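This report refers to the structure that appears directly beneath it.
We name chains A, B, ... by the order of the sequence lines, and we start the count at 1 in each one. All values reported here derive from a predicted model rather than from experimental measurement.
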Amino acid sequence: ADLEVTHWWTSGGEAAAVGELAKAFDARTDHHWVDGAIAGSGSTARPIMISRITGGDPMAATQFNHGRQAEELVEAGLMRDLTDIAEAGKWREVINPPSLLDACTVDGKVYCAPLNIHSWQWLWLSHKAYADAGVPVPTNWDEFVAAAPALEAAGIVPMAMGKQGWQQSGAFNVMMISLLPKEIFLQVYGDKDADVAAGADVARIFKAAADARAMASNSNVQDWNQATNLVITGKAGGQIMGDWAQGEFQVAEMTAGEDYTCLPGLGVNRTLQAGGDAFYFPVLKDAETTAAQGELAALLLDPEVQVAFNLKKGSLPVRGDVDLAAANDCMKKGLDILATGDAIPDFNQLVSSDTRVQIEDLFVEFFADASMTPEAAQERFAAIIADAD
Amino acid sequence: MSSERPNGLFRNIPAKVAAIPMIITALVVFMGGSLWTMAYSLTKSKLLPKWKFVGLDQYERLWSTKRWVVSIENLFIYGVCMLIASFVIGFILAALMDQKIRFENTFRTIILYPFALSFIVTGLVWQWILNPEFGIQSIIRGLGFTSFEFDPLYNADIAIYGILIAGLWQGTGLIMVLMLAGLRGIDQEIWKAAKVDGIPTWKTYLFIVIPMMRPVFITTLVLVAASIVKVYDLIVAQTGGGPGISTEMPAKYVYDYMFGGQNLGQGFAASTMMLLAVLVVVIPWAYLEFGGKKRG
Amino acid sequence: MADTAVHPAASSEPRGPKPRKKLSRNNIIIYGTLLVVAFYYLLPLYVMVVTSLKGMPEIRLGNIFSPPVEITFEPWVKAWSQACTGLNCDGLSRGFWNSIRITVPSVIVSIVIASVNGYALANWKFKGADAFFTILIFGAFIPYQVMLYPIVIMLREIGLYGTLWGLVIVHTIFGMPILTLLFRNYFTSLPEELFKAARVDGAGFWRIYFQIMLPMSLPIFVVAMILQVTGIWNDFLFGVVYTKPDLYPMTVQLNNIVNSVQGVKEYNVNMAATLLTGLVPLVIYFVSGKLFVRGIAAGAVKG
Amino acid sequence: MESSISIRDLSLSFGAVKVLRNLNIEIGQGEFLVLLGSSGCGKSTLLNCIAGLLDVTDGQIFIQGKNVTWAEPSDRGIGMVFQSYALYPQMTVEGNLSFGLKNAGMAKDEIKKRVARAAEILQIEPLLKRKPAALSGGQRQRVAIGRALVRDVDVFLFDEPLSNLDAKLRADLRVEIKRLHQRLKNTMIYVTHDQVEALTLADRIAIMKGGNIQQLASPNEIYNKPANKYVADFIGSPSMNFLEGVIDISGAPQFNSDVMSFDISGYEFVDGPTGGPAWFGIRPEHIVTGELLANAPVQFDAEVELVEPMGSDTLVWAKVEGVPMHFRMDGQAEVRSGDQMRIGFDPARANIFNKETELRI
Amino acid sequence: MESSISIRDLSLSFGAVKVLRNLNIEIGQGEFLVLLGSSGCGKSTLLNCIAGLLDVTDGQIFIQGKNVTWAEPSDRGIGMVFQSYALYPQMTVEGNLSFGLKNAGMAKDEIKKRVARAAEILQIEPLLKRKPAALSGGQRQRVAIGRALVRDVDVFLFDEPLSNLDAKLRADLRVEIKRLHQRLKNTMIYVTHDQVEALTLADRIAIMKGGNIQQLASPNEIYNKPANKYVADFIGSPSMNFLEGVIDISGAPQFNSDVMSFDISGYEFVDGPTGGPAWFGIRPEHIVTGELLANAPVQFDAEVELVEPMGSDTLVWAKVEGVPMHFRMDGQAEVRSGDQMRIGFDPARANIFNKETELRI
Ligand SMILES: Nc1ncnc2c1ncn2[C@@H]1O[C@H](COP(=O)(O)OP(=O)(O)OP(=O)(O)O)[C@@H](O)[C@H]1O
Ligand SMILES: Nc1ncnc2c1ncn2[C@@H]1O[C@H](COP(=O)(O)OP(=O)(O)OP(=O)(O)O)[C@@H](O)[C@H]1O
Ligand SMILES: [Mg+2]
Ligand SMILES: [Mg+2]
């Protein structure tokens with residue numbers, strides 16, 4: 001049968017990675033992958049997918065971010081229960097970290113197939129920039145902040161940062177995980193503890209965010225890859241960005257450790273968040289396509305497919321038992337951390353989209369408006385957390 | 001039979017039948033959709049509409065959200081500027097076109113063509129031209145004016161005007177055509193009378209012609225106002241609401257919360273506020289159009 | 001004659017047409033302004049064209065205004081037939097026919113319905129007609145995003161969700177307010193006596209519409225056609241929300257090409273894609289621009 | 001005589017505005033009725049009601065004895081000719097003529113025959129293949145009449161059919177319409193605000209004002225015995241001279257004003273001599289000069305103020321004891337402003353109206 | 001007499017279309033000149049040239065002795081009144097009157113004085129605060145005249161100022177304009193296609209056709225001695241009767257047609273008796289009946305075809321030996337179609353035109 005699969009992976013590497021899935025699916029089953037890609041990231045694609053599902057004419061499978069995005073669709077009975085397939089594939093055993101599968105589980109039933117792991121907690125540094133400014137390449141966040149005046153004096157932007165909410169709130173969360181004990185993060189976002197959010201620890205992070213804001217004040221770009229490009233060309237010292245930035249350095253043919261440095265956990269806490277993408281399978285009426293759905297779900301967790309996909313995508317496989325020899329330096333650092341088990345659930349798994357958007361809005365404002373004090377921002381932050389569900 | 005006054009309902013049956021699509025659209029889609037939206041704005045629907053009544057909570061939150069307030073402010077600034085600028089520019093262009101110029105067709109086409117392009121395109125191109133790194137600013141700096149500053153999209157205080165530049169680029173053509181049509185509809189003898197009276201051309205436009213074009217202005221106003229309230233694509237394509245929240249708009253708020261934030265209730269509350277605002281515009285219009293004077 | 005004596009210098013005095021300087025102050029102002037305006041309007045087009053003809057290395061050099069050193073049609077080819085949307089690497093060509101398949105019926109249906117509406121409102125006023133019309137105009141202001149969900153539900157209920165005809169209905173609905181306004185104003189401006197004469201001649205609603213009104217309405221149909229082709233061809237949201245991938249219009253590919261956030265932006269391909277997508281409406285504008293203005297003048301605006 | 005059209009208690013309002021008030025008219029078979037009145041008095045509205053193009057608010061309309069109050073326009077047996085011609089611009093003359101017949105589902109031959117006959121009557125045979133845009137004003141008007149003609153209707157309705165034409169053509173077509181009526185003998189209702197048309201065409205004229213009928217009578221009666229001052233003033237060009245004063249019937253009836261006073265015993269009062277404040281009206285052509293003064297019992301000295309030569313006649317505006325008066329003289333008359341002359345009239349030809357009610361007394 | 005306006009060799013073309021061809025007109029101080037002609041003959045175009053609203057193709061225009069060929073409209077000392085009134089709709093009457101003056105930078109008192117004077121002359125004082133929409137047609141036209149009046153110009157130009165009004169109002173305003181001219185004594189040029197207006201208002205009439213002037217003469221001369229057949233036919237309503245035939249001057253001048261033949265020795269030929277094919281024209285009012293036949297050297301028997309009562313007169317359309325003829329009778333005349341009657345005329349009052357050149361002979 002023809003299976004229509006929607007996703008928002010449209011850039012070169014992503015498309016190639018999806019291609020691996022399609023290739024495997026077409027080759028190993030009797031079915032055919034019909035591609036329904038929609039560019040413009042989740043915010044463009046998600047309403048379309050939801051409309052399709054609620055409109056009663058769903059696709060056979062669709063990508064969502066790991067987390068709570070599809071929660072209600074599941075509750076409304078629009079998503080297919082994959083529990084038997086998960087059990088058959090022993091997902092509970094092979095998926096690492098297990099929190100990924102937890103995110104797919106509602107009332108003990110599995111509703112999605114995790115595909116990959118992305119982590120946010122990376123600081124990317126340009127060797128050229130620091131050389132130009134005549135200071136050594138920092139090895140942790142504090143050094144990074146301390147080096148800022150020297151860079152500025154040399155006409156270099158200390159920190160590159162795109163002007164979009166998800167980048168800014170992402171950076172903030174990275175600082176919270178990396179500069180504080182990870183419990184605080186879990187208390188704030190997991191338990192929605194407004195007191196902690198208003199507390200002194202988080203206040204430090206807001207100070208750090210203010211530092212970041214000052215350092216990034218001359219970074220006149222919108223998109224994250226444009227910001228990365230500033231680092232690559234040495235126009236900026238560093239950038240907080242997820243592991244997908246790695247791809248940009250690769251395209252620019254730069255070598256980790258030589259031309260650039262990646263510091264997981266900002267060089268402080270070696271803790272990674274395990275988020276990523278997952279596939280959901282809407283309930284279909286047609287038996288044949290339903291069967292095909294099952295085969296696709298099983299296929300996604302297949303070790304070979306995992307390797308092929310993640311190598312192209314630049315992300316980490318969700319199985320702890322696959323061999324990623326071809327991975328590069330930074331990726332290996334990540335794998336190491338995951339292997340030591342120091343991973344916490346993704347932001348998207350902890351908070352609802354509503355809260356996420358509110359937090360993004362807050363940081364968009366905070367980073368754009370230098371007159372907004374960290375205290376004021378924290379106050380609003382705490383209020384959002386208090387209201388969050 | 002025909003001596004009895006027939007039931008009004010059954011007169012002109014074909015006209016009523018033909019109007020069914022319109023009636024359905026008006027009642028079911030526009031009215032029904034609006035009422036449905038208003039009703040669900042009183043719930044805490046998230047991803048899917050669910051009847052979990054929460055009263056005015058969503059509105060409370062809406063009006064305490066800075067982004068919404070800023071969006072309203074932005075819409076107001078953008079709307080006022082757009083209305084004034086597009087009317088003024090559209091009118092001036094139309095007046096220029098009306099001077100029996102040569103190459104009128106060429107100029108008109110040049111001014112009108114952006115209207116044929118989608119906002120995705122408009123946003124992208126202008127984002128580019130206004131980019132300080134390689135757009136106009138860099139060109140002028142390249143010419144030696146190194147202190148020249150022109151980066152509307154990167155300066156929160158004036159970003160909204162950067163949007164305006166692109167919006168005007170796309171929209172004034174149609175307005176120009178509407179105004180031109182209006183100008184061409186003015187009795188030529190009025191012009192002659194003004195000339196004999198020795199009234200300079202600009203004064204004739206200002207004091208005589210413009211007041212005579214009221215009906216054209218009303219039609220144009222409906223068109224422009226409708227496009228202003230709905231402005232969304234342009235923002236998304238050009239700034240995505242940034243820098244900061246300096247170019248956020250209500251329609252984008254609605255969309256972001258309904259689909260990005262997966263908080264339908266909040267999105268519906270924002271929608272409802274917009275619909276109410278629209279009523280404030282449409283009711284006076286309907287009054288002007290249908291009130292008082294009746295046509296045979 | 002006596003007069004000759006009164007005006008001895010008559011022959012040397014002004015005679016014939018008033019001499020006009022080619023470069024009068026007025027003309028300088030008029031044409032100067034127009035040229036500046038034309039520059040402003042043409043600049044983006046120029047940038048698009050120039051960029052679309054450059055190679056990527058040249059674009060990285062920076063100046064977006066400089067003409068291409070080396071003209072290449074590569075980006076156009078790529079945009080048309082090679083750019084990828086997910087796995088499908090056949091560029092805009094994939095959506096082109098879909099766009100046509102969507103645009104043609106949508107334009108026809110929406111114009112037919114709106115013109116009949118306008119005609120009914122102008123000539124066959126029935127009780128409540130004004131109220132419905134006011135609601136329609138209200139509809140013109142409703143942001144599309146607001147209606148996205150209710151319409152999903154409605155289409156689902158009538159079983160047209162995900163079909164071409166569902167999309168046609170959506171375009172018809174959202175085109176209806178403005179088009180109905182235009183048609184109503186136009187038909188109102190036609191002499192009422194014509195309508196009366198036809199009624200006395202025994203023609204009914206439809207016959208008057210087809211045999212009397214339609215043949216007189218070319219200008220306004222051109223206006224409506226241009227507005228609708230532009231709107232529907234450029235539509236992205238409805239096309240993608242209310243249909244399936246095998247029906248996605250060209251703008252979806254355009255969006256995919258332009259909005260692929262990750263990876264390097266191929267500006268030249270973006271521009272070529274942009275131009276290619278805009279080509280159909282642009283051509284229609286260039287071809288029927290004159291009729292457009294005439295149509296608007298003929299009654300789109302009430303004078 | 002059997003009525004062709006009978007209008008009973010007809011009222012029509014647009015919203016709150018009463019345009020027609022309780023009209024009653026009986027129109028005889030083959031009669032030519034002209035509705036005359038100034039702009040906005042409701043003439044077109046009445047015609048549209050008869051045609052069925054407007055729904056009446058109250059009352060009934062009968063055509064050829066049938067109650068057609070609620071019938072469709074095309075079922076009433078009427079044809080209508082409009083001021084703006086209202087030809088279908090995209091059809092040829094032939095198409096225009098046959099449109100109504102085709103709608104009625106008539107056979108092709110019959111249509112052809114009828115069109116040919118109408119074209120012959122109106123002498124537009126050579127134009128049949130042309131479109132209206134290629135016709136002159138007069139030709140268009142003829143085609144418009146033809147459109148009613150082919151339908152072989154009982155009643156023709158004309159709404160100011162000539163007022164878009166220039167004076168000369170108007171005069172010619174007026175005669176044509178009159179000839180047509182003589183030939184066809186249909187009932188015709190003709191709306192105009194041109195009194196010359198009304199007087200020359202009508203069998204009877206209905207003078208309307210503010211939705212009421214002021215007088216419905218033959219042209220001769222309307223002209224010579226207007227029922228009230230409005231009609232008297234409205235009909236006749238140049239209009240009637242009016243003198244304000246009081247009728248004294250203490251002796252022989254006498255008209256007294258501030259500046260003059262004369263005997264009116266020759267006047268035929270409607271209900272015998274009646275006294276009181278009154279308007280004394282005399283038509284310009286009933287004021288005589290020169291030799292004809294012999295027959296004028298009332299005479300004055302007048303000072304000429306203004307002379308309007310009109311080719312065939314000359315119109316003189318003069319003052320009599322400070323009261324303005326105008327009268328007609330021969331086209332060759334040699335008068336100049338400032339001249340003094342003697343004028344006179346016969347009160348038997350006058351019209352006298354009560355000051356208050358403005359009705360003829 | 002010193003010329004107020006003099007037009008020399010004026011030509012005007014729109015592209016390839018020649019609308020005016022080499023016109024020469026001298027208009028005297030205080031003269032009232034009417035341009036008369038059918039639609040499209042170039043009357044408005046000529047007026048616009050004089051006003052400076054159109055750039056002439058060739059020739060010169062002098063106003064009050066000054067060459068104004070290239071002057072701005074407002075500098076020519078002219079005021080213009082338009083058919084559509086062309087009032088500024090959003091200004092009050094006062095605003096309409098004063099706008100031009102304000103614009104010329106005139107002192108406030110002076111403006112007030114002039115507006116007051118114009119309002120008084122035109123009797124529109126009570127309307128000063130109203131907007132044009134709240135005025136009747138006649139009032140609007142007066143305001144339009146007022147706009148020219150306040151500017152104290154030497155020359156008034158009128159472009160069919162009355163043709164949008166109904167017949168009655170037209171007649172009234174015509175008189176008003178005439179009075180205004182008598183009072184102000186300005187030069188006036190007045191465009192119309194209504195011959196009654198032309199005849200009553202003009203000191204001289206210029207009859208235009210196809211951009212040429214056919215005849216420029218006093219109304220009396222135009223009416224009684226038309227220069228060619230076009231003018232003869234154009235002027236006079238109902239129009240002149242024409243008989244086609246041949247003049248025989250072998251003996252006493254004689255007119256012969258297929259069906260009739262009569263002596264015309266009473267006729268005054270322009271250059272002495274001239275023979276050859278000709279049109280014989282006689283005005284309807286010069287055809288007499290009844291007692292007056294005594295003075296009619298030429299007499300026929302006529303059969304009445306159609307009678308048009310017009311109140312003050314009656315128009316009779318008849319056939320004489322199969323040739324149609326129409327003539328005027330008294331308003332009270334009792335004639336019916338089908339009647340036989342004797343009619344006659346005096347050839348001295350006739351107009352004869354060469355068949356070929358159509359010029360008067
Ligand atoms: N549809 C309408 N709604 C409201 N009032 C109307 C309508 N049609 C006509 N009237 C009013 O009714 C009155 C009579 O109009 P009608 O057209 O019958 O006048 P008329 O006598 O034909 O005038 P004219 O000579 O100008 O044609 C006018 O005062 C007019 O304003
Ligand atoms: N702007 C123009 N371009 C081309 N031809 C024109 C223009 N204006 C007028 N004409 C032509 O010039 C001729 C004379 O026009 P003009 O308006 O002077 O006629 P008119 O005598 O005033 O007629 P009317 O009595 O209808 O007002 C007409 O044939 C007209 O078609
Ligand atoms: Mg009327
Ligand atoms: Mg004219």
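Per-residue counts of heavy-atom pairs under 4.5 Å with chain D were compared for E:H193, E:R328, E:E305; the largest is that of E:R328. Per-residue heavy-atom pair counts under 4.5 Å with chain E were compared for D:T314, D:L315, D:V175, and the maximum is reached by D:V175. Of the residues considered (D:G311, D:G331, D:S337), D:G311 shows the highest number of contacts with chain E, using heavy-atom pairs under 4.5 Å. The residue among E:D313, E:V196, E:I235, E:N220 with the most heavy atom pairs within less than 4.5 Å of chain D is E:D313.
Under a 4.0 Å N-O distance rule, the pair D:R174/E:E308 qualifies as a salt bridge.
Taking the ring centroids of E:H286 and E:F345, they lie at or beyond the 6.0 Å cut-off.
E:F353 is linked by a ring-ring contact (aromatic ring centres under 6.0 Å, His included) to nothing, counting only residues two or more places apart in sequence or in another chain.
In this structure, the portion of E:N224 lying under 4.5 Å from any heavy atom of chain D is its side chain and not its backbone. Contact annotation for D:P238: neither backbone nor side-chain heavy atoms come within less than 4.5 Å of a heavy atom of chain E. Contact of E:Q332 with chain D is made through the side chain alone, with heavy-atom distances under 4.5 Å.
Panel note: side chain D:N212, backbone D:Q214; no donor-acceptor pair is recorded below 3.5 Å. Formation of a donor-acceptor pair under 3.5 Å by the D:Y267 side chain with backbone atoms of D:I352 is found in this model.
Contact record, D:P226 with D:R283: CG-NH2, 4.5 Å, taken as the closest heavy-atom pair.
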